[in-house]
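Report on one structure; see the data block that follows.
Computed from a predicted model, the values in this text were never measured in an experiment.
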Amino acid sequence: MIKILLKWLVNGGIVVSLLIYYSDVSFWGAVLAATGLTFIAYIMGDQMLLRHTNNTVATLSDFILAAVYLGVLSYFLDWGLNVVETSFISGMVALSEWVLHRYVFNGKLQPV
């Protein structure tokens with residue numbers, strides 16, 4: 001439970017702040033988008049893919065997932081994100097995922 005919460009805080013901070021900066025998304029719209037991305041990435045990336053592959057493959061899939069997810073949302077909700085902005089947000093999410101997988105989730109996280 002602590003892992004998904006930490007993932008949500010880190011990815012949420014990145015996605016929310018950059019969506020608000022780059023597009024005309026409300027704060028709550030950005031929070032909902034970040035929450036959806038976090039849960040999909042946790043289930044697909046951390047629970048399925050990372051267990052059977054390595055950090056590089058999981059991080060690359062997180063980048064692709066974030067780019068597709070944000071691109072689809074931007075298209076259907078008319079956020080106006082371009083490819084460079086979507087790629088930058090996805091790259092920042094992927095970088096944070098790499099750090100989380102490599103240094104934080106590598107050991108056993110215990111509640112304090």
Side-chain angles (χ1 to χ4, degrees):
M1 182 66 174
I2 193 166
K3 289 181 180 182
I4 194 167
L5 182 60
L6 182 60
K7 182 181 187 87
W8 181 66
L9 288 172
V10 171
N11 285 347
I14 292 167
V15 172
V16 168
S17 61
L18 291 176
L19 277 180
I20 291 171
Y21 180 75
Y22 285 130
S23 65
D24 192 23
V25 180
S26 69
F27 174 76
W28 292 111
V31 168
L32 285 174
T35 301
L37 177 61
T38 299
F39 281 109
I40 293 169
Y42 181 75
I43 292 167
M44 291 177 61
D46 294 354
Q47 296 301 310
M48 298 168 111
L49 196 59
L50 187 58
R51 291 176 187 242
H52 301 291
T53 62
N54 58 22
N55 191 15
T56 303
V57 172
T59 301
L60 182 60
S61 72
D62 285 328
F63 175 82
I64 293 168
L65 173 68
V68 170
Y69 179 82
L70 292 173
V72 167
L73 284 180
S74 177
Y75 177 77
F76 284 109
L77 299 176
D78 197 29
W79 287 348
L81 289 175
N82 62 38
V83 175
V84 173
E85 295 163 346
T86 303
S87 296
F88 181 73
I89 296 170
S90 301
M92 295 300 293
V93 167
L95 180 64
S96 71
E97 287 288 331
W98 183 83
V99 170
L100 284 173
H101 295 160
R102 173 90 181 187
Y103 296 109
V104 179
F105 296 161
N106 194 19
K108 301 248 187 232
L109 284 179
Q110 299 294 327
V112 179

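With rounding to the nearest 0.5 Å, the separation of CD in Glu97 from CG in Leu95 is 10.0 Å. Atom OH of residue Tyr22 and atom CZ of residue Phe88 lie 5.0 Å apart, to the nearest 0.5 angstrom. Within the model, atoms CE of Met44 and CG of Leu49 stand 8.0 Å from one another, a figure rounded to the nearest 0.5 Å. Here CG of Leu32 is found 8.5 Å from CH2 of Trp28. Values are rounded to the nearest 0.5 Å. Taking CE of Met48 as the reference point, atom OG1 of Thr53 lies at 12.0 Å (rounded to 0.5 Å).
Checking side-chain atoms of Tyr69 against main-chain N and O of Ala33 turns up a donor-acceptor pair under 3.5 Å.
In the hydrophobic clustering of ILVMFWY residues, with side-chain heavy atoms under 4.5 Å counting as a link, Leu9 and Val99 come out apart. A single hydrophobic cluster is not seen to contain both Ile43 and Ile64; linkage of ILVMFWY side chains at heavy-atom distances under 4.5 Å, directly or through other members, places them apart.
The minimum heavy-atom distance linking Lys7 with Tyr42 is given by the pair CE-N, 3.7 Å. The heavy-atom pair separating Ile20 from Ser26 by the smallest distance is CG1-O, 4.5 Å. Nearest heavy-atom pair across Val16 and Ala34 is CG2-CB, 4.0 Å.
Sorted pairs that involve residues 86-95 and meet side-chain hydrogen bond (donor to acceptor under 3.5 Å, both in side chains), not counting sequence neighbours, are lacking altogether.
Looking at Thr59 and His101, their side chains come closer than 4.5 Å, going by heavy atoms from C-beta outward. His52 has its side chain out of reach of Val57: every pair of non-hydrogen atoms, C-beta onward, lies at least 4.5 Å apart. The shortest side-chain heavy-atom distance between Leu37 and Asn11 does not fall under the 4.5 Å cut-off.
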Can you give the donor-acceptor pairs under 3.5 Å from side chains of residues 73-85 to other protein atoms, not counting sequence neighbours?
unit_1	atom_1	unit_2	atom_2	d
Ser74	OG	Leu81	N	3.0
Asn82	OD1	Val84	N	3.0
Asn82	OD1	Glu85	N	2.8
Glu85	OE1	Asn82	N	3.1

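Under the side-chain contact (heavy atoms from CB on, under 4.5 Å) criterion, Ile14 pairs with Val10, Leu18, Met92, Val93, Ser96, sequence neighbours left out.
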